[in-house]
Protein chains: 2
Amino acid sequence: MHVTLKDVCKKTGFSTATVSRVLNGSPLVTEDTKRRVLAVVEDLGYQPSHTARMLKLKRTDMLAVVFPPLDVGFFTEVLRGIDAATSEHNYHMMTAFSHGPEDERKLINRVIRERRADALILMNLTLPENYLRGLARYGMPITLIDRPMARSKMASVSLDNRTGARAATVHLLDHGHRNIAFITGPKGTYDADERLAAFRETMQERNCPVDRQLIWPGRFTEPSGREALARWLDGGGDLPDAIFAANDAMAIGALGVLRERGYDVPRDTALVGFDDIESARYLGITTVHVPMRELGAKSAQVAIQQVTRHQTGIAHRLPTELVVRASCGTHTGNAAPRAQAVSTRSRNIPT
Amino acid sequence: MHVTLKDVCKKTGFSTATVSRVLNGSPLVTEDTKRRVLAVVEDLGYQPSHTARMLKLKRTDMLAVVFPPLDVGFFTEVLRGIDAATSEHNYHMMTAFSHGPEDERKLINRVIRERRADALILMNLTLPENYLRGLARYGMPITLIDRPMARSKMASVSLDNRTGARAATVHLLDHGHRNIAFITGPKGTYDADERLAAFRETMQERNCPVDRQLIWPGRFTEPSGREALARWLDGGGDLPDAIFAANDAMAIGALGVLRERGYDVPRDTALVGFDDIESARYLGITTVHVPMRELGAKSAQVAIQQVTRHQTGIAHRLPTELVVRASCGTHTGNAAPRAQAVSTRSRNIPT
DNA sequence: GTGAAAGCGCTAACAA
DNA sequence: TTGTTAGCGCTTTCAC
């Protein structure tokens with residue numbers, strides 16, 4: 001059997017109250033008592049049962065994180081960010097990956113209803129706003145990553161997608177590309193919509209008409225990026241001057257198709273992604289850097305603040321930043337120095 | 001306030017015992033009682049408190065996973081594997097990334113002593129065997145990923161590193177490479193040691209002397225791969241016929257150096273990695289595929305078996321498999337068809 | 001078949 | 001300063 005509070009009491013002769021006080025650093029105990037209790041605690045190798053504590057205190061010191069079923073390296077980074085902040089505040093992290101929308105709701109419900117965690121962090125899910133609002137009723141603080149909630153007090157940590165998408169579009173335009181294709185993310189996803197909108201706006205501002213045919217639907221996955229470009233080319237479409245994918249996974253998919261068909265990047269077409277995942281760096285893909293760790297860390301902090309300080313409606317927006325690499329722009333000759341001006345994150349493996 | 005068992009009792013008129021029986025599917029209740037109780041449960045939106053249950057049953061339905069502070073995409077995949085098996089068995093997953101060896105022990109101790117989980121999965125840690133054996137005393141089942149424990153009953157799920165490393169080495173030799181450099185993983189790590197040992201053995205069997213100078217120390221990280229090759233070249237070393245890195249991250253690091261210095265892969269030197277992470281596929285790096293998801297899924301299954309069936313000393317060993325891509329061997333002309341024979345996993349983006 | 005009651009291991013009034 | 005005691009919300013003997 002394992003050691004409980006009572007064992008410590010028996011051995012010290014003190015009551016549970018006193019021992020508990022010592023353990024919780026109450027000032028209402030003699031130095032001597034404290035010493036004696038701690039000695040026995042040490043001796044017996046006693047450790048308070050977290051479970052019992054939970055039941056009494058109605059705290060779990062646990063943050064639950066639910067991720068969508070996407071595979072991209074993006075989530076690892078976010079997870080690490082959450083982990084870092086979480087453990088810094090002496091919280092634990094419970095992780096679950098959803099395996100589809102139904103599963104997502106089941107997961108979320110289970111966590112909330114069983115009160116397995118003090119707060120819930122939801123990432124980039126496509127769940128409708130009113131469903132999310134409904135969750136608020138259960139009283140567990142929820143922090144949304146990647147989606148500010150318009151008319152609600154739900155906390156969120158999101159991205160300034162527009163500035164990044166705008167910078168990328170401007171970069172392409174500045175390098176003389178006009179005929180730019182855009183591979184979208186799943187419709188209805190906040191980030192995807194913002195990125196597309198900013199692309200459109202920027203094009204319009206520059207009096208550069210957007211060819212509707214060149215808006216290719218994607219799903220934020222690598223295969224969907226492949227398909228988008230392949231379908232266009234197979235349908236007899238000309239290779240555009242540039243391709244702007246709403247995330248790196250799709251950019252990588254498109255790059256695969258380009259290489260397989262003998263096209264050179266950036267000579268035949270420029271390519272830009274979004275996120276700045278590890279593979280994008282290795283492949284030399286110009287992209288918009290997203291501070292993934294910070295996204296995670298910030299959301300964990302927000303979640304904890306909601307728990308400990310009962311703060312509500314906290315909304316953060318993190319900046320994004322263009323990172324110029326070989327996949328785009330270098331053929332103008334002076335793009336390299338310019339790249340430095342845009343960002344110092346450009347260490348990469350030339351392709 | 002939230003709904004408890006008592007609320008259901010009050011509303012139904014039954015005792016806690018009966019309601020609890022209904023909830024746990026006991027056969028000792030009338031169909032009618034069951035119906036009435038469930039109706040009220042539904043009506044009130046009652047959900048049993050997991051915490052209270054835990055305290056009573058001394059089960060947490062939680063698997064704790066501790067990962068090392070490495071960044072590689074490897075872990076994401078393993079984590080997904082664990083998640084899949086975990087949720088399939090109605091368990092939850094608690095994740096923690098260590099931030100160094102001291103931290104690692106602290107994390108592990110906390111989980112074990114507080115009994116936050118029913119079982120613990122440890123991944124690829126460099127913790128000494130006797131420390132691990134010491135942990136067994138606490139009674140929490142531990143499953144090791146990537147390291148079979150020689151003289152102990154600790155469960156493990158590990159890799160057949162040798163077969164994979166052997167296949168890779170043979171592949172390089174068959175393509176006429178003799179002068180092969182090997183970038184090692186951190187000394188003392190099971191996988192790293194096995195891979196190096198198999199490389200050495202295979203070379204010897206083929207009467208191909210291993211040049212000690214060409215064994216470059218690495219740490220399983222991308223920068224360490226860069227450094228290993230850069231140091232050699234900067235020291236005036238000739239580019240070897242081939243480079244075999246003990247993992248993909250380091251292979252990618254070396255590839256970066258090669259490209260920066262204008263070398264072509266595989267023309268100037270062949271390159272082989274280990275793990276088959278996503279980036280390796282995109283970069284067309286020949287590598288040894290490691291079934292990362294299975295590694296995770298299997299370890300979760302083993303962990304759960306230990307909990308539910310009190311099985312002990314389960315040891316699994318998963319196969320690895322050579323995947324031939326562009327970074328190696330294709331310059332012989334007929335390597336492509338051969339690649340098919342070796343593995344069908346070779347879809348990749350030609351570099 | 002159902003209920004009363006005793007805990008699981010802890011914390012925190014309240015009393016002394 | 002320390003002890004007594006009543007729970008937290010559930011499961012499970014043991015009676016009935």
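In the text below, chain A, chain B and the rest are named by the order of the sequence lines, each starting its count at 1.
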Engineer: What is the distance from CG of A:Asn24 to P of C:dA13, rounded to the nearest Å?
Structural biologist: 13 Å

Engineer: Rounded to whole angstroms, how far apart are CD on B:Glu114 and P on C:dC8?
Structural biologist: 20 Å

Engineer: Figure out the CZ/P separation between B:Arg36 and C:dT2, and round it to whole Å.
Structural biologist: 9 Å

Engineer: Just how far, in rounded Å, is P of C:dC8 from CG of A:Asp7?
Structural biologist: 11 Å

Engineer: Between C:dT11 atom P and A:Leu23 atom CG, what is the distance in whole Å?
Structural biologist: 7 Å

Engineer: For A:Met54 and C:dC10, give me the distance from atom CE to atom P, rounded to whole Å.
Structural biologist: 14 Å

Engineer: Within this structure, what is the NZ-to-P distance between A:Lys10 and C:dG9, rounded to whole angstrom?
Structural biologist: 11 Å

Engineer: When you measure from the side chain of B:Leu5, which nucleotide among C:dC10, D:dT2, D:dT11 comes out closest?
Structural biologist: D:dT11

Engineer: Tell me what B:Ser20 touches on the nucleic acid: a base, only sugar-phosphate, or nothing, going by heavy atoms under 4.0 Å.
Structural biologist: base

Engineer: Is the shortest side-chain N to carboxylate O distance from B:Arg133 to B:Glu129 below 4.0 Å?
Structural biologist: yes

Engineer: Return the polar atom pairs (N/O with N/O) between nucleotides 4-8 of chain D and the protein under 3.5 Å, or none.
Structural biologist:
from, atom 1, to, atom 2, distance (Å)
D:dT5, O4, A:Thr16, OG1, 3.4
D:dG7, N2, A:Lys56, NZ, 3.0
D:dG7, N3, A:Lys56, NZ, 3.3
D:dC8, O3', A:Lys58, NZ, 3.0

Engineer: Is the backbone N or O of A:Ala96 less than 3.5 Å from a side-chain atom of B:Asp83, with the two atoms forming a donor-acceptor pair by type?
Structural biologist: no

Engineer: Whole-Å distance between C:dA12 C1' and A:Arg53 CZ?
Structural biologist: 13 Å

Engineer: Can you find a pair of side-chain heavy atoms, one from B:Phe74 and one from B:Met123, that are under 4.5 Å apart?
Structural biologist: yes

Engineer: Kindly indicate whether the side chain of A:Met62, heavy atoms from C-beta on, has any atom under 4.5 Å from the side chain of B:Met94.
Structural biologist: yes

Engineer: In terms of side-chain heavy atoms, does A:Asn24 have a donor or acceptor partner in A:Ser20 at a distance below 3.5 Å?
Structural biologist: yes

Engineer: Is the charged tip of B:Arg36 near the ring of B:Phe14: under 6.0 Å from the six-membered ring centre and within 45° of its axis?
Structural biologist: no

